[in-house]
Amino acid sequence: MPIFALCDVNNFYVSCERLFRPDLEGKPVIVLSNNDGCAVARSAEAKALGIKMSTPRFELDDLIQRHEIVTFSSNYTLYADISQRVMTTLEALSPRIEIYSIDECFADLTGVETNHSLVEWGRVAKATVQKNVGMPICVGIAPTKTLSKLANHAAKKYAKTGGVVDLTDPERQKRLMALVDVCDVWGVGRRISARLQEMGIGTALDLAQANPKHIRKQFSVVLERTVLELNGISTIPLEPVQANKQQILCSRSFGKRITEFDVAAQAVAQFTARAAEKLRAEKQQCKSLTVFIRTSAFARDEPQHHAQMSTRFEHPTDDTTELISGARKLLRRMWKDDRRYAKAGIMLGEFSEDAVSSQLDIFSAVPAQRQKRAELLSALDEINQKQPQLIRFASQGVKREWDMRRDHLSPGYTTSWRDLPRVR
DNA sequence: TCTGGGGTCCTAGGACCC
DNA sequence: TCTGGGGTCCTAGGACCC
């Protein structure tokens, strides 16, 4: 029987911001999404003030003033760096981990024998991450991923657990599941939970006791697996190696509404350049490109326009120039002059291994021009990695009036020499 | 006035083929 | 004049996750 430990950082983005601002300990803190749109991370104090996940910032203005809530724009460069430190620390404690998201991983504890040592493992992991990285984590331990998520949920919710819950005992599983709303089960979202409620399935235990075949018929094979997992039957294995991406997406809401084609084209060129960079970092090339634009769904009284168009390249490519020119053509065909666009994005798909670099070894007959091009792009990537966006394509624009809002950005404490914290 | 971004997987239904 | 059915592939859209 496998044993999974789900380790996840408490209020991750907030904890990252506090790491370099210990004065914020005990104070309400929130971190906003891109464009300073919504609250996506809240400290315990902010949660206690009733701030819900994804509340738009403008609805919080009052509360922020009244309670002196400290507000940050998201600083993904910082979070990604801290995340890596957390994962490296946990990897040293369990050779097999699966990095599941920026702030959590599943560790394989198979072989850690007794219950006593399972809890002990959790305590050690928690203490080590706290000591080495300064991040608070909780650990949930169980024979399936879904149950370990549930155990983690309990570890966070009940202080007396000390942040570590061992849910390997079936009786204990049942007792906890009876207390947990079905909507808090991993894999049960808003829609499905509403339908389950109608069927009289209100708790995790109700779902565990439902007939899996019936659930499959009514819903899908995915929810059937959830039922099995709640019963201690592991159906979702640990996947330590990250699979190659199947899609790369880059999209942004604009800092303000866009009504001019040229401005939108700059933004789309910018997204495309970024996506192409990610593509090359993955050592992949793409065959398809999709562009989408949309007006704001919140502006009910305005004429709406949601459009999406794709194109296919004859040969797989990772060339920013080619991609930008393809994206621009698609945008042109969709564009309507009389709309106020709120968001745009591009997607790359249908990947294949980077032909140039693999062919370099195998064949000598790579056209010189392609090879030159590849060298140029990799030089570009190398420079931009040191200082993001130092070199740009002209089509990405200079004024960048569409750029997102980031009014409360913290310094790049760990990734920029300029922002290194000073010790006085 | 202001409402995130980046992913994955599954399913239904249409197109197409024999 | 008669006018099937099954399999496969692809795509769009929906659901979920953090």
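Predicted model, so just to flag it, every value in this text is computed and none were measured.
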*Asks:* Under 4.0 Å between a Lys/Arg side-chain N and an Asp/Glu carboxylate O for Asp403(A) and Lys256(A)?
*Replies:* no
*Asks:* Enumerate donor-acceptor pairs with a distance under 3.5 Å from any side-chain N or O in residues 140-153 of chain A to protein atoms, sequence neighbours excluded.
*Replies:*
| unit_1 | atom_1 | unit_2 | atom_2 | d |
| --- | --- | --- | --- | --- |
| Thr144(A) | OG1 | Leu147(A) | N | 3.1 |
| Thr144(A) | OG1 | Glu229(A) | O | 3.0 |
| Lys145(A) | NZ | Glu98(A) | OE1 | 2.7 |
| Lys145(A) | NZ | Glu98(A) | OE2 | 3.4 |
| Lys145(A) | NZ | Pro237(A) | O | 2.9 |
| Thr146(A) | OG1 | Glu229(A) | OE1 | 2.7 |
| Ser148(A) | OG | Lys145(A) | O | 2.8 |
| Lys149(A) | NZ | Glu104(A) | OE1 | 2.7 |
| Asn152(A) | OD1 | Lys156(A) | NZ | 3.3 |
| Asn152(A) | ND2 | Leu6(A) | O | 3.0 |
| Asn152(A) | ND2 | Cys138(A) | O | 3.1 |

*Asks:* What's the closest nucleotide to the Lys149(A) side chain, out of dC18(C), dT11(C), dG7(B)?
*Replies:* dC18(C)
*Asks:* For the side chain of Arg312(A), counting heavy atoms from C-beta on, which of dC17(C), dT11(C), dG5(B) is nearest?
*Replies:* dT11(C)
*Asks:* Rounded to whole angstrom units, what separation is found between the CD atom of Gln247(A) and the P atom of dC10(B)?
*Replies:* 15 Å
*Asks:* Between dC16(C), dC17(C), dG5(B), which nucleotide gets closest to the side-chain atoms of Ser251(A)?
*Replies:* dG5(B)
*Asks:* Could you work out which one of dC9(B), dG5(B), dG4(B) sits closest to the side chain of Gln246(A)?
*Replies:* dC9(B)
*Asks:* dG4(B), dA15(C), dG6(B): which one has an atom nearest the side-chain heavy atoms of Arg191(A)?
*Replies:* dA15(C)
*Asks:* Report the distance from atom NZ of Lys256(A) to atom P of dT3(B), rounded to the nearest whole Å.
*Replies:* 14 Å
*Asks:* With the six-membered base ring of dT1(B) as reference, does the ring of Phe58(A) sit under 5.5 Å away with planes under 30° apart?
*Replies:* no
*Asks:* Could you please name the option among dC16(C), dG4(B), dC18(C) that lies closest to any side-chain atom of Ile192(A)?
*Replies:* dC16(C)
*Asks:* Starting at CD of Glu98(A) and ending at P of dG7(B), how long is that distance when rounded to a whole Å?
*Replies:* 17 Å
*Asks:* Taking the six-membered ring for Trp and the single ring otherwise, decide whether the centroids of Trp186(A) and Phe106(A) are under 6.0 Å apart.
*Replies:* yes
*Asks:* For the side chain of Glu104(A), starting at C-beta, report the closest nucleotide among dT11(B), dC18(C), dG6(B).
*Replies:* dC18(C)
*Asks:* Any strand is fair game: report the nucleotide pairing with dC18(B) by Watson-Crick or G-U wobble, both distances under 3.5 Å, or none.
*Replies:* dG5(C)
*Asks:* Roughly how many Å is it from CG in Asp8(A) to P in dC17(C), rounded to a whole number?
*Replies:* 14 Å
*Asks:* I want to verify a distance call: between dG4(B), dC9(B), dT11(B), whose nearest atom is closest to the Val40(A) side chain?
*Replies:* dG4(B)
*Asks:* In whole angstroms, how far is the P atom of dG5(B) from the CE atom of Met404(A)?
*Replies:* 8 Å
*Asks:* Does Leu32(A) reach a base, just sugar-phosphate, or nothing at all? Heavy atoms under 4.0 Å.
*Replies:* nothing
*Asks:* Look at the aromatic rings of Phe271(A) and Phe254(A) and report parallel, tilted or perpendicular, splitting at 30° and 60°.
*Replies:* parallel
*Asks:* Counting side-chain heavy atoms from C-beta on, which of dC2(B), dC18(C), dG6(B) comes nearest to Arg340(A)?
*Replies:* dC2(B)
*Asks:* Indicate, with a heavy-atom threshold strictly under 4.0 Å, whether Arg405(A) touches base, sugar-phosphate, or nothing.
*Replies:* nothing
*Asks:* So what does Arg406(A) touch, heavy atoms closer than 4.0 Å: a base, only the sugar-phosphate, or nothing?
*Replies:* nothing
*Asks:* Does dT3(B) have OP1 or OP2 sitting under 4.0 Å from an N or O in the side chain of Arg257(A)?
*Replies:* yes
*Asks:* Out of dT8(B), dC16(C), dT3(B), which has the shortest distance to the side chain of Phe298(A)?
*Replies:* dT3(B)
*Asks:* Are Asp36(A) and Arg406(A) close enough for a salt bridge, meaning some N to O gap below 4.0 Å?
*Replies:* no
*Asks:* Base, sugar-phosphate, or nothing: which does Arg216(A) touch, judged by heavy atoms less than 4.0 Å apart?
*Replies:* nothing
